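Accompanying notes for the structure given below.
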Amino acid sequence: MIEFEGVGHHYGDRTVLSDVDLTLAERRVAFVGANGSGKSTLARMVNGLVLPAEGRVRVLGLDPAKQGNAVRRRVGFVFTNPDSQIVMPTAGEDVAFSLRRSGLSTRERARRAEEVLAEYGLGGYAEHPAHQLSGGQKQLLALCAMLVLKPDVLVCDEPTTLLDLRNKRRFVELLGRLDQQVLLVTHDLDLLGGFDRVVVLDEGRVVADDEPEPALAYYRKLAG
Amino acid sequence: MNPLGLYQPGTSVLHRLPAGWKFLGLLALATAVFVLRTPAPLGALCVAVALGYVLARIPARRCGQLARALLVLVVFVFLLQWWLLGLTGAVVMCLRLVAALAAANLFTLTTRVSDVVSAVERGLRPLRRVGVRPERVGLLVGLTVQAVAVLSGIAGEVREAAKARGASRSVTAFAVPLLVRTLRHADELGEALAARGE
Amino acid sequence: MRRVSAPRASLPTADLARIVVFAAFIAVLGIFPGFYVGGSGVPIVLQNMGPLLAGAILGARRGTASVVLLLALTAIGLPLLSGGRGGLAPFAGPSGGFLLGWILSALVAGLIVQRAERPGLPTLLLATTAGLLVDYAIGIPFLGAYTGDLGAAAVQSLVFVPGDAGKVVAAAVVAALVHRALPGTATGPAVRSE
Ligand SMILES: Nc1ncnc2c1ncn2[C@@H]1O[C@H](COP(=O)(O)OP(=O)(O)OP(=O)(O)O)[C@@H](O)[C@H]1O
Ligand SMILES: [Mg+2]
């Protein structure tokens with residue numbers, strides 16, 4: 001469960017979010033809106049990467065401002081560009097990196113990493129240099145690095161923007177099968193069929209918040 | 001870049017010797033090189049180091065590369081020193097150079113980066129009390145290797161873009177976009193590391 | 001209404017990331033085989049601009065840290081120096097002092113840049129020039145100790161002065177452009193960019 005209460009935010013003089021009140025309990029929630037409407041800022045708040053200037057955010061009952069590390073342990077985040085998210089040289093090492101605080105032995109970490117890679121279609125790539133994977137594979141790797149920690153919530157900020165149509169579909173389908181709550185920021189409206197709830201942002205405000213069909217219809221009209 | 005570094009895989013005694021001991025040996029040799037002032041013992045040291053290469057079974061190709069690089073340096077230094085200090089001085093200088101560089105290089109060729117990392121982590125352990133986190137060494141190595149891979153890709157793109165705009169000889173047309181993207185990558189990496197609980 | 005400026009979660013990892021990525025940047029400057037600048041037929045290796053840029057762009061603390069990281073990883077055997085060199089040999093060679101001097105280059109350039117609110121070209125030129133001079137101040141005596149003759153070492157190093165002078169200017173110009181593109185980089189916290 002994720003709650004925003006009267007959340008506002010600004011950079012310098014520019015207000016990027018105002019009066020956001022949301023309680024998100026659905027399993028599949030999407031955020032859509034024009035460029036600069038505040039989606040990424042809102043998504044980052046769920047992980048404590050940005051702290052709200054006004055109001056408060058609660059994530060699974062925790063306060064990201066005070067319990068940032070506890071929140072980040074339970075919330076996974078997938079960024080748009082996997083190149084900046086993959087931090088270690090090989091796919092296996094990168095997934096194992098997520099487990100470095102787990103107290104598991106190096107060998108056990110490597111084994112789990114391989115298991116997760118295999119589960120999401122990267123079996124046999126553990127030793128592969130991460131930067132030589134294709135864009136879609138890199139994004140899968142970024143996802144694996146999060147899922148190996150079994151988070152309760154997964155936030156994805158435009159994870160499919162750099163992918164081709166087939167990989168886009170595959171990625172979103174994969175998200176659909178996960179047990180965790182998923183918050184997805186996206187510009188790919190046709191991927192949202194299976195979603196439970198779509199929140200439309202415009203200039204930092206929530207302007208629609210509904211099931212996909214009506215919400216997207218509103219958004220399309222807004223865009224003109 | 002090869003993530004294994006300059007390591008030349010092998011099973012010789014030199015390969016199996018713990019990195020810490022090998023490093024102490026190298027330090028001892030370096031000290032000897034600077035204390036000795038006559039050609040004969042320095043020449044003997046050079047021969048000993050060369051035998052080390054044989055013992056470690058370094059492939060001829062690698063040895064050739066090194067020899068060529070050393071030769072250029074030695075010829076240059078020799079001529080200069082001959083002119084400045086006379087023949088004996090020049091010979092001593094060059095033997096020192098060869099012994100020190102070849103030995104340092106042999107250390108690198110026979111020691112895995114990961115072994116050096118563990119040795120350094122072990123060596124730093126006493127400093128934990130003053131806030132040093134030795135387990136970060138391995139993390140830094142991995143992060144940097146991956147960052148080099150990402151930035152090389154970016155550098156290639158930037159260079160092509162500069163060429164496309166007819167600015168392939170301009171340092172600014174290369175360095176400015178590369179730096180802007182470098183810093184952007186750093187910001188995203190910082191966020192990603194935070195998101196991943198670092 | 002009074003605007004509180006946004007309390008951006010200044011992430012503790014932001015500094016770490018900048019240090020690591022800039023170390024990699026300096027390495028990448030060395031990987032690129034060299035530039036044919038102007039009409040010259042000799043390729044110019046850009047790597048020794050790296051430490052000057054590190055100080056001038058990241059500031060003293062982070063700039064110095066990234067150079068130290070680069071040199072430490074080189075020393076343990078990664079081929080991060082131009083021409084794929086690495087290991088202990090480059091430090092043991094006659095020009096080892098110039099490598100160690102990079103640390104001070106970044107420090108001095110960074111300290112000078114930080115004094116200015118908005119570093120302009122004159123400040124940056126001063127910073128990169130001073131950075132190069134401290135590198136010489138370490139490198140030339142080291143070379144002198146190696147060859148046993150400081151005077152000769154100084155004369156020998158004159159060969160590099162024209163190229164290095166060009167790089168000092170280029171580094172300052174590049175840093176000025178980067179500061180204009182991303183204001184507050186040297187001093188401020190990391191700024192998120194889309
Ligand atoms: N670090 C920052 N400093 C200053 N302004 C920022 C910063 N980050 C974001 N902004 C501004 O905040 C506003 C909202 O940005 P945000 O990234 O949340 O938008 P978005 O909805 O994710 O847009 P997009 O669809 O383009 O990703 C934008 O106007 C942006 O310019
Ligand atoms: Mg965004």
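Every value quoted in this text rests on a predicted model; they were computed, and no experiment measured them. Per chain, numbering begins at 1; letters A, B, ... match sequence-line order.
- Both tests hold for A:Arg100 against A:Phe97: distance to the six-membered ring centre under 6.0 Å, angle to the ring axis within 45°.
- Cation-pi geometry between B:Arg159 and B:Phe174 is met: the NZ or CZ atom falls under 6.0 Å from the ring centre, inside 45° of the normal.
- Most heavy-atom pairs under 4.5 Å with chain B, from the set A:Ala145, A:Ala130, A:Gly76: that is A:Ala145.
- Heavy-atom pairs under 4.5 Å with chain A were tallied for B:Val141, B:Leu139, B:Val150; the largest tally goes to B:Leu139.
- For the options B:Gly142, B:Ala149, B:Ala186, B:Ala147, heavy-atom pairs under 4.5 Å to chain A are most numerous at B:Gly142.
- Side-chain contact of A:Glu93 with A:Thr90: a donor-acceptor pair under 3.5 Å is present, judged by distance alone.
- Residues B:His185 and A:Asp83 approach most closely at CE1-O, 3.4 Å, considering heavy atoms.
- Classification of the B:Phe78-B:Trp82 ring pair by plane angle, with boundaries at 30° and 60°, yields tilted.
- Ranked by heavy-atom pairs under 4.5 Å with chain B, the first of A:Arg73, A:Gln132, A:Arg101 is A:Arg101.
- Ranked by heavy-atom pairs shorter than 4.5 Å toward chain B, the options A:Met88, A:Arg72, A:His131, A:Met146 are led by A:Met88.
- Counting heavy-atom pairs closer than 4.5 Å to chain B, the top residue among A:Ile86, A:Val155, A:Asn81, A:Asn47 is A:Ile86.
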